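Predicted model, so just to flag it, every value in this text is computed and none were measured.
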Amino acid sequence: MEQTENPVPKLRLVIIVINILVLIAYTIYFDVAEKGEYNFIAVAILNAIQFIICLITAIFIYRKEFLLSAALVVLIGFSTCVMVIGG
């Protein structure tokens with residue numbers, strides 16, 4: 001018998017990876033491309049928006065994946081805010 005591969009685990013990983021890539025994208029933009037004294041505020045606001053979107057989305061679909069993404073956004077986002085402040 002031939003085993004068919006389940007696409008659901010790949011989709012779960014894709015959700016988490018996309019959220020991390022979005023976080024990386026706007027952090028790099030504000031740290032490298034757009035130098036400014038108060039860029040950490042913009043990064044913090046974008047982190048909060050992404051966190052809220054992940055929580056709202058977790059209510060409707062893929063609960064575990066979006067909750068994990070929200071937790072990662074908070075953990076990594078705090079570090080990126082500190083990086084932007086120091087950069």
Side-chain angles (χ1 to χ4, degrees):
M1 292 186 87
E2 187 175 316
Q3 294 286 335
T4 58
E5 191 173 326
N6 191 359
V8 175
K10 287 185 179 180
L11 178 65
R12 292 176 178 173
L13 184 62
V14 168
I15 291 170
I16 296 168
V17 169
I18 288 173
N19 275 295
I20 298 303
L21 289 176
V22 169
L23 177 72
I24 290 170
Y26 63 74
T27 302
I28 289 175
Y29 174 75
F30 281 108
D31 188 43
V32 176
E34 187 69 31
K35 291 287 186 183
E37 188 176 345
Y38 297 108
N39 282 349
F40 70 94
I41 296 172
V43 172
I45 290 171
L46 289 172
N47 282 335
I49 290 170
Q50 188 176 3
F51 175 74
I52 291 168
I53 289 172
C54 285
L55 287 182
I56 291 172
T57 309
I59 294 171
F60 301 107
I61 56 171
Y62 301 112
R63 286 182 163 87
K64 292 178 184 177
E65 293 79 11
F66 280 106
L67 287 176
L68 178 61
S69 293
L72 289 174
V73 166
V74 168
L75 292 173
I76 297 170
F78 177 75
S79 301
T80 58
C81 283
V82 172
M83 181 188 75
V84 172
I85 290 172

Just distance, no hydrogens or angles: give the donor-acceptor pairs under 3.5 Å from side chains in residues 48-56, sequence neighbours left out.
| unit_1 | atom_1 | unit_2 | atom_2 | d |
| --- | --- | --- | --- | --- |
| Gln50 | OE1 | Tyr26 | OH | 2.9 |
| Gln50 | NE2 | Asn19 | O | 2.8 |
| Gln50 | NE2 | Asn19 | OD1 | 3.3 |

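- Listed by chain and residue number, Val17 satisfy the side chain to side chain contact (heavy atoms under 4.5 Å, CB included) test with Leu21 (two or more places apart in sequence, or in another chain).
- The minimum heavy-atom distance between Phe66 and Ile61, with the atom names listed, is CD1-O, 3.6 Å.
- To the nearest 0.5 Å, atoms CG (Leu67) and CG (Leu72) are separated by 11.0 Å.
- With sequence neighbours excluded, the residues forming a side chain to side chain contact (heavy atoms under 4.5 Å, CB included) with Phe78 are Val82, listed by chain and number.
- The CG atom of Leu23 lies 9.5 Å from the CD1 atom of Ile28; values are rounded to the nearest 0.5 Å.
- Separating the CG atom in Asn47 from the OG1 atom in Thr27 is a distance of 6.0 Å, to the nearest 0.5 Å.
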